[in-house]
Amino acid sequence: MRRNLQVDGSRLSSRLDALGKVGAIAGGGVSRLALTEADQAGRDLVVSWMRELGLAVSIDAVGNVIALRNGKDDGAPVMMGSHIDTVRTGGLYDGNLGVLAGLEVVASLNDAGIITRRPLAVAFFTNEEGSRFQPDMFGSLVYTGALPLDRALATVGIDGAVVGEELARIGYAGTAAVGKPHVHAYVELHIEQGPVLEEGDFRIGAVEGVQGISWTEFTLGGQSSHAGATPMRMRHDAGYVAAEIIAFVRRLAQELGGNQVATVGLLTLSPNLINVVPDQAVMTVDLRNTNEERLKEAERRLFAFVTATAAAEGVSVSHRSLARFEPVGFAPDLIARVEAIAREFELPVRRLPSGAGHDAQILAAVCPACMIFVPSVNGISHNITEYTKPDDLAAGANVLLRLVTELAE
Ligand code: GLV
Ligand code: MN
Ligand code: MN
């Protein structure tokens, strides 16, 4: 293997820009919610690139796309990948980088005429974001067997759409066996999506693992009544209880400190009219912590608060869990290799945990897995201004290239 082989950073950036035009929204971002027409168009483009690179593309029943490059030997491939679905107001890099850097690794090996000993694979998993259909990391969960296929296909999204029907509609209800091929190792390059690398002038993050994630939906049931004529003492205001919960989760994160974060990202009031006390609020709470015991403590305190506050207002509460992941640690030897390769390339590197969820944390249950982070300008992601400098994209892809070719020998 040529140790000085490098990716073509401008080719990687042009693919990211071209994919970013699919589902483009005003201001420079993208909207490719999972299994929408925009997602379909993005998938079609990436699949066409996979075929151009000579990869054998397979699509499984939940729409995961896996492109294989033969090695000198048969056997389990070294897999690169991520996702190409986005949140409704997303950027060009979240997920897309891991997939397109995988294709750039393949293109560089093709150009150099190098065949690795083990096969390589580039994958994109369905609905990593979990914005439209919960849970997040949906496709990789099915891939590893952690989410049964029939349950996945029956999942109803925030707009009432059903996963199985949407897959068929966009032409990605594939026939390949779910969970094939078995993977020798999984490496995901991703933007950090937070401020840590940029603040310390680091160019590469060797990701130690992913924090635990707890998503809950609460439905609060009150009584609609006249906003002018109903005395405050007689109200059963679902909107008021929702607002108390929003304020509480901020205090909760502050009180628990450390790595605890807490977000209410979705709130729907009904009937949502200026002069009617809301009779219903549907809301989500996203809690995350690197420490499982602290995360459980956050959940306990949240449920106690919701129960007491709703009872005091005479409002009913029901809830359902939309996602629950314990913290995951990546393979220690792979983390160390990311660090060592970055040092060899004279790229300032540090270890850090991931704040966001990733397919790599799901793959980690079935094979050695790791992630490489590159800096996010201003630490911003899930935002149309999400940006990573081209030199950093290329640096991350070069670390990916080296690590993957090592693992494939
Ligand atoms: C998904 O990527 C998440 O971390 O919310
Ligand atoms: Mn992502
Ligand atoms: Mn994301």
Side-chain angles (χ1 to χ4, degrees), residues 16 19-20 23 25 29-34 38-39 42 46 64 80-102 123-141 147 157-158 186-194 205 207 209-217 259-266 284-290 295 321-328 330 352-364 369-376 379-388 393 396 400:
L16 281 161
L19 183 52
I25 52 178
V30 286
S31 181
R32 290 198 309 272
L33 283 175
D39 185 24
V46 175
N64 295 322
M80 299 167 276
S82 194
H83 61 98
I84 62 166
D85 69 309
T86 72
V87 296
R88 201 195 301 283
T89 50
L92 271 58
Y93 305 94
D94 178 358
N96 302 298
L97 174 61
V99 179
L100 300 186
F124 61 84
F125 295 98
T126 294
N127 183 37
E128 187 275 348
E129 290 291 3
S131 293
R132 188 178 181 212
F133 302 100
Q134 289 87 40
D136 48 349
M137 283 77 78
F138 195 90
S140 47
L141 282 169
L147 176 62
I158 54 171
Y186 178 79
V187 186
E188 182 167 344
L189 172 63
H190 206 283
I191 55 169
E192 183 204 327
Q193 309 182 271
V207 185
V210 180
Q211 65 182 342
I213 303 175
S214 166
W215 284 1
T216 307
E217 178 190 79
N259 287 317
Q260 182 66 49
V261 287
T263 308
V264 173
L266 180 151
T284 57
V285 179
D286 174 321
L287 299 174
R288 307 195 194 199
N289 200 312
T290 48
L295 183 57
S321 172
L322 299 179
R324 184 61 168 88
F325 301 98
E326 290 190 9
V328 171
F330 290 133
L352 78 174
S354 170
H358 297 290
D359 295 308
Q361 80 192 76
I362 307 303
L363 270 288
C370 73
M371 296 189 74
I372 303 159
F373 272 180
V374 286
S376 291
I380 292 284
S381 180
H382 284 188
N383 181 307
I384 59 173
T385 65
E386 175 184 284
Y387 185 65
T388 294
L393 300 170
L400 178 72

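When a residue number appears, it is its place in the shown sequence, counting from 1. In listed order, ligands and their atoms are each counted from 1.
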Item checked: Phe373 ring center near His358 ring center (under 6.0 Å) -> yes
Margin query: When you compare the side chains of His83 and Asn127, does any donor N or O come within less than 3.5 Å of an acceptor on the partner?
Written below: no
Note to self: If the cut-off is 2.8 Å, does any N/O/S atom of His83 fall short of it from the Mn ion (ligand 3)?
What the structure shows: no
Check: Counting both backbone and side chain atoms, is some N or O of Arg288 under 3.5 Å from an N or O of ligand 1?
Finding: yes
Item checked: For the Mn ion (ligand 3): the N/O/S atom of Asp94 at shortest distance -> OD2
Notebook entry, point to check: What residue and atom, counting heavy atoms only, is the protein's closest point to atom 2 (O) of ligand 1, and at what distance?
Noted result: Glu128 OE2, 3.0 Å
Item checked: Asn289 and Gln260: CA distance, side-chain angles, deciding distance, side chain to side chain donor-acceptor pair (under 3.5 Å) verdict -> CA-CA 5 Å; Asn289 200 312; Gln260 182 66 49; 2.9 Å; yes
Margin query: Measuring only between side-chain heavy atoms, which start at C-beta, is Leu189 closer than 4.5 Å to Ser82?
Written below: no
Checklist line | For Ala356, atoms of ligand 1 separated by under 4.0 Å from a heavy atom | finding: 4 (O)
Check: Between Gly357 and ligand 1, does any nitrogen or oxygen pair lie at a separation below 3.5 Å?
Finding: yes
Next item on the list: For Thr388 and Pro375, indicate whether the former's side chain and the latter's backbone hold a donor-acceptor pair under 3.5 Å.
Entry: yes
Next item on the list: Measure the CG-CG distance between Leu33 and Asp39 for me, rounded to the nearest 0.5 Å.
Entry: 8.5 Å
Notebook entry, point to check: By number and element, which atoms of ligand 1 are closer than 4.0 Å to a non-hydrogen atom of Glu129?
Noted result: 1 (C), 2 (O)
